[in-house]
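Have a look at the structure below before the remarks.
Model, not experiment: these values are computed from the prediction.
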Amino acid sequence: AAILRFLTPSSKGKSLKQSGNHNGIYTGWLDAVDTAAAESCDDTVSYADGLRYNLREGWYEFRCSMKLISGGDCRATTLPDALSKFNEPRQPSAYHAIVKRYLLHPEGGNLQTLLDDADDEDELFKSKTLDTFVGAVSVLYSRMISGDDMVELLVEMRQREHAYINGLETSCQLIAEVPIHAQDSVTPLHYSVASIPANSSLMNRKVRAADIHSVVWSEVRGQEVIDLHTHLLPPSHGALCLWGIDEMLTYHYLVSEYFMTAPANVTPEAFFAMNKKQQADLIWESLFIQRSPISEATRGVLTTLQALGLQFEIDNRDLDAIRRFYDGYREEGLEGVEKFVAEVYTTAGVKYAIMTNIPFDSAEAQHWRPVRKEYPGTFKSALRVDPLLAGDRKTIENALKASGYATSLEDARKYLHDWCETMKPEYLMASTPHDFSLPPSEGGGTLSGVVKKGVNESSLQSPFAFTELAGNDCNDCEATDILPSIINESSDFLTEVLMPVCEERDLPLALKIGAHRSVNPALLSAGDGLVAFADTNTLARLCGRFPKVRFLATFLSRNNQQEACVLASKFRNLHIYGCWWFSNNPSIIKEITQMRVEMLGTAFTAQHSDARVVDQLIYKWSHSRSVIAKVLATEYEKLIVSGWRPTREEIRRDAG
């Protein structure tokens with residue numbers, strides 16, 4: 001990159017006497033020179049066979065006769081002439097072709113010899129490796145041409161700043177932008193620190209249409225995410241922190257997929273009576289060995305394992321070897337789990353993930369009270385409040401009594417405030433079915449005449465409970481969602497407890513709308529999830545009635561997405577987020593994200609992972625990133641056609 005920078009003729013021809021080719025001599029320009037040093041020098045100094053430089057004026061002369069063949073018209077031109085054809089500094093992808101021709105040229109990098117006589121497979125590998133090297137050189141060259149000081153670039157490398165995480169030994173893969181062959185929604189877009197730092201002069205350069213795809217894909221790749229909704233819990237919560245290959249293989253999507261083709265003699269009862277390893281063995285054999293793992297859920301497992309460096313084990317279909325990889329962390333105890341979780345977060349590019357916390361479940365409450373367990377800042381909490389939203393008086397009063405509070409609205413507010421103090425939630429949340437509104441005739445604070453969905457009233461004997469989770473191991477099910485799930489707009493608990501606390505603490509209320517539980521109860525959590533069109537009128541009324549409360553909403557049904565966008569455009573206190581549950585598939589993510597951009601601009605949150613197993617953060621975000629990048633690149637193309645050329649900084653801002 002430095003050689004190419006030196007051999008680039010000055011674009012400042014008006015200020016330099018010799019900027020073009022004069023008898024094979026070209027004039028280049030210097031980076032900023034120390035004023036005192038320049039003043040101590042003569043005006044013009046001769047060097048190297050009669051060439052000259054002038055520190056005071058900031059120019060130098062050089063010779064270069066290397067001829068390059070341009071790709072379009074097959075005409076030969078000198079390297080400096082080819083480099084001078086760019087009228088203004090461009091983004092890295094603009095220089096790929098000329099950098100590659102220089103590196104392959106016998107008088108340049110002479111790398112063509114590495115490609116000669118290679119077999120097909122080896123040539124493909126070397127070609128991709130060469131493209132990565134070309135990409136890295138192009139990034140550095142474009143920064144130099146744009147005005148970034150070369151000494152400062154060296155400082156970045158030496159001090160391991162920005163993308164240079166390994167200093168001068170940093171892989172070119174981390175420096176290069178996303179290569180063209182990976183700019184599709186098929187190749188997972190794994191996180192990598194942005195190769196162009198925020199203070200680079202390249203950030204303020206307007207992006208041309210020819211460069212937009214490379215810039216957008218690279219900027220999306222470099223975005224560290226805040227995962228707005230997950231079901232993860234930290235290692236300090238022991239068995240509630242799910243991670244590892246067996247947990248991935250027994251994820252509810254894979255369980256339901258397994259039972260589509262499971263042998264008749266394997267009943268759900270028999271399957272769930274097995275231990276986790278036995279269940280995982282069955283699913284691996286059925287979905288990965290006996291048929292190709294091409295569903296999103298099975299492919300996600302492979303993307304995760306590949307990102308963790310287990311390609312050899314995948315090629316050998318060696319589940320035992322994969323388990324041994326995880327055992328290496330497990331043998332280190334809590335420290336090993338924490339190490340693995342940290343590595344997953346780094347690989348996935350997750351700044352922090354917001355948990356789904358139900359302290360009213362005794363299994364989880366022990367980690368909050370009487371003494372809250374400490375956990376890293378990469379986990380933040382969200383508090384489930386479904387009974388308050390539903391106005392479920394009996395459930396709420398039992399919980400208040402069990403915890404030593406009076407059964408009054410004032411104490412209900414205090415109860416909620418106290419849990420907020422304990423948990424420090426980012427928001428309050430609830431999950432509702434598609435028919436989540438009450439008939440107008442059924443007002444009041446009770447649910448008289450209304451069938452509640454999934455409320456286990458016997459569990460109210462627990463001193464911590466609004467509801468007890470089904471079974472002893474809440475991590476084997478969608479238990480965190482088995483709560484009252486109807487909104488009672490007339491309830492005092494809604495108007496006098498939940499909404500005032502949200503206002504006083506400036507906490508958003510997140511609603512996940514459209515969940516139906518126990519469609520096939522025999523499959524436990526794998527039997528949840530009938531998708532139906534939801535009536536959004538209740539949400540509209542809540543937004544209008546409580547304008548000081550910020551609402552976050554995501555819908556399960558694909559058919560609700562346009563209506564949700566329209567609703568978000570009418571209420572400034574409503575924010576649409578993520579592609580939830582059965583909408584969290586690439587084809588649907590693409591459709592929903594494109595519609596949201598067209599209707600809402602950037603005023604929405606494109607995705608959340610909904611991960612239940614720590615490892616899933618890797619594939620859920622790398623798959624989503626590639627889809628989001630493709631959508632954004634297309635929309636920016638349209639923008640440029642309409643006459644608006646965004647800067648790289650503007651694209652980074654929007655992607656974030």
Is any side-chain heavy atom of Asp610 closer than 4.5 Å to one of His231?
yes
Is the shortest heavy-atom distance from the side chain of Lys638 to the side chain of Val597 under 4.5 Å?
no
Between Ile196 and Arg652, which heavy-atom pair has the shortest distance, and what is it?
O-NH2, 2.6 Å
Heavy-atom nearest pair, Ser583 first then Ile589, reads O-CG1, 3.7 Å
Parallel, tilted or perpendicular: ring planes of Tyr60 versus Phe62, cut at 30 and 60 degrees:
tilted
Residue Lys206 excluded, over 12 heavy atoms near NZ under 6.0 Å:
no
Using a strict threshold of under 4.0 Å (side-chain N to carboxylate O), is an ion pair present between Glu635 and Arg596?
no
Do Pro92 and Val137 have side-chain heavy atoms sitting under 4.5 Å apart?
no
Specify whether Tyr141 and Tyr95 have parallel, tilted or perpendicular ring planes, treating 30° as the upper limit for parallel and 60° as the lower limit for perpendicular.
perpendicular
Are any of the side-chain heavy atoms of Leu104 and Leu130 separated by less than 4.5 Å?
yes
Do Tyr26 and Thr78 pass the side-chain hydrogen bond (donor to acceptor under 3.5 Å, both in side chains) test, and can you show the C-alpha distance, the side-chain angles, and the key distance before you say yes or no?
CA-CA 11 Å; Tyr26 299 85; Thr78 65; 2.9 Å; yes
Between Ile3 and Tyr102, is a side-chain contact (heavy atoms from CB on, under 4.5 Å) present by the stated rule, with each step listed?
CA-CA 11 Å; Ile3 292 171; Tyr102 166 76; 3.4 Å; yes
Under a 4.0 Å N-O cut-off, is there an ion pair linking Asp211 with Arg205?
no
Between Asn584 and Gln607, a side-chain donor and acceptor under 3.5 Å
yes
Which atoms form the tightest heavy-atom contact between Ala629 and Val216, and what is the distance?
O-CG1, 3.6 Å
Is any side-chain heavy atom of Pro188 closer than 4.5 Å to a side-chain heavy atom of Tyr619?
no
Verify whether one side chain among Thr647 and Asn204 offers a donor that lies under 3.5 Å from an acceptor in the other.
no
side-chain hydrogen bond (donor to acceptor under 3.5 Å, both in side chains), that's the test. Do Asp654 and Thr602 meet it? Break it down for me.
CA-CA 7 Å; Asp654 294 345; Thr602 60; 4.8 Å; no
For the residue pair Gln183 and Ser214, establish whether any side-chain heavy-atom pair is separated by less than 4.5 Å.
yes
Side-chain contact, heavy-atom cut-off 4.5 Å: Trp243 with Val344?
no
Residue pairs meeting side-chain hydrogen bond (donor to acceptor under 3.5 Å, both in side chains), one or both in residues 335-347, sequence neighbours left out, come to Tyr329-Glu343
Is it the case that the ring center of Tyr326 lies less than 6.0 angstrom away from the ring center of Phe340?
yes
Which heavy atom of Met203 sits nearest to which heavy atom of Ala198, and what is that distance?
CG-O, 3.7 Å
Go through the structure and list residues passing side chain to side chain contact (heavy atoms under 4.5 Å, CB included) with Thr129, not counting sequence neighbours.
Phe125
Is there side-chain contact between Ile354 and Tyr427, with heavy atoms separated by less than 4.5 Å?
yes
So which heavy atom on Arg90 is nearest to which on Ala94, and how close?
CB-CB, 3.5 Å
Does NZ or CZ of Arg625 come closer than 6.0 Å to the centre of the six-membered ring of Trp217, within 45° of the ring's axis?
no
Tell me, which pairs form a salt bridge (charged side-chain N to carboxylate O under 4.0 Å, His left out) where one or both residues lie in residues 151-174, sequence neighbours left out?
Arg143-Glu156
Looking at Trp29 and Pro9, what are the two nearest heavy atoms and their distance?
CZ3-O, 3.5 Å
